[in-house]
Amino acid sequence: MTMIRDNLQRVHARIAAACKTAGRGADEVMLLAVSKTFGPEAVREAHAAGQRAFGENYIQEAVDKIGALRDLPLEWHCIGPIQSNKTRLVAAHFDWAHTVDRLKIAQRLSEQRPAGLPPLQVCIQVNIDGGAAKSGVAPEDALALARDVARLPRLQLRGLMAIPEPAPDFVAQKNLHARTRALFDQIREAGVALDTLSLGMTADLEAAIAAGSTLVRVGTAIFGGRPAAAP
Ligand SMILES: *Cc1c(COP(=O)(O)O)cnc(C)c1O
């Protein structure tokens, strides 16, 4: 049962090495452990090894898992698509949502965020490489959406998130991530406060950190492979 602990150590070492190469401090990049498709016991094991923040894609699966782990002081991040009929669950159970890509969804999350909880921490998902079927706001609409989301009372806008198409090598990965970084800088220069760039997964976390990621979302390298059907 030390596999998850060992894996976490290896991922921290990868992050530290990537930060060093990029001339950044290792404490500038947060590790989000993506526990989708894995049960509460895997999350417990990761928590015992020092991990505190967990990412989930499927809302109902997440709500069940969060309920089973109430005894632990964990931070839960929604990183899957959010349909209108799921906003109430996201607002009630998560600490963060990385996948806000429409004002309507943001408004519902703000209205439905329970009064006793702190504001929901939000990233805007950007469709940075324009895949037609992909979630995310178009890059040219991101600034306007960021301004609108920043005004919602029960949300705290934190940054941008993107999932670029897999690229064959480090340079290609970094060039894609650099586009999201440029948009992040542009929105900040326009006067919207952002501090989080949610970029990078198991296969491309080094390239994401080189491009300026402040939060990497890592599943496979921590928990192992998932069934092929799961995205
Ligand atoms: C599944 C998933 C991850 C983790 O991917 P790995 O390749 O297993 O590290 C990160 N981000 C999002 C949005 C995901 O859906």
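For ligands, and for the atoms within them, numbers begin at 1 and follow the listed sequence. Atoms considered below: every heavy atom in the structure, side chains included; atoms not considered: hydrogens, waters and symmetry mates.
- At a cut-off of 3.5 Å, with distance as the only test, no side-chain donor of S135 or Q125 sits close to an acceptor on the other residue.
- In terms of N/O distances under 3.5 Å, ligand 1 is approached by G219.
- Near I163, the atoms of ligand 1 lying under 4.0 angstrom from a non-hydrogen atom of the residue are 13 (C).
- Ligand-side atoms of ligand 1 in range of T220: 6 (P), 7 (O), 8 (O), 9 (O), range being under 4.0 angstrom from any heavy atom.
- Contact annotation for N57 and ligand 1: only side-chain heavy atoms (C-beta onward) come within less than 4.0 Å of the ligand.
- Aromatic ring centres of W76 and F54: separated by under 6.0 Å.
- Within the listing of ligand 1, atoms 11 (N), 12 (C), 13 (C), 14 (C) sit less than 4.0 angstrom from a heavy atom of I79.
- At distances below 3.5 Å, at least one donor-acceptor pair connects side-chain atoms of E61 with backbone N or O atoms of T37.
- Taking 4.0 Å as the cut-off, H98 does not count as a neighbour of ligand 1 on heavy-atom distance.
- A search for salt bridge (charged side-chain N to carboxylate O under 4.0 Å, His left out) contacts involving D64 returns nothing, not counting sequence neighbours.
- E56 pairs in a side chain to side chain donor-acceptor pair (under 3.5 Å) with only one of the listed residues (H93, K65, K36), which is K65.
- Side-chain contact check for L205 versus V218: some heavy-atom pair is nearer than 4.5 Å.
- Interface atoms of ligand 1 facing K36, defined by a heavy-atom separation under 4.0 Å, are 1 (C), 2 (C), 3 (C), 14 (C), 15 (O).
- At a heavy-atom cutoff of 4.0 Å, ligand 1 is contacted by no atom of E56, backbone or side chain.
- In this model, a donor atom of one side chain and an acceptor atom of the other lie less than 3.5 Å apart for D204 and H177.
- Those atoms of ligand 1 with a heavy atom of M161 less than 4.0 angstrom away are 13 (C).
- Taking every heavy atom of V218 and a limit of under 4.0 angstrom, the matching atoms of ligand 1 come to 9 (O).
- Counting heavy atoms closer than 4.0 Å to ligand 1, residue T99 contributes nothing at all.
- Residue contact check: R217 has heavy atoms under 4.0 Å from atoms 4 (C), 9 (O), 10 (C), 11 (N), 12 (C), 13 (C) of ligand 1.
- By the ring-ring contact (aromatic ring centres under 6.0 Å, His included) test, F184 pairs with no residue at all, sequence neighbours left out.
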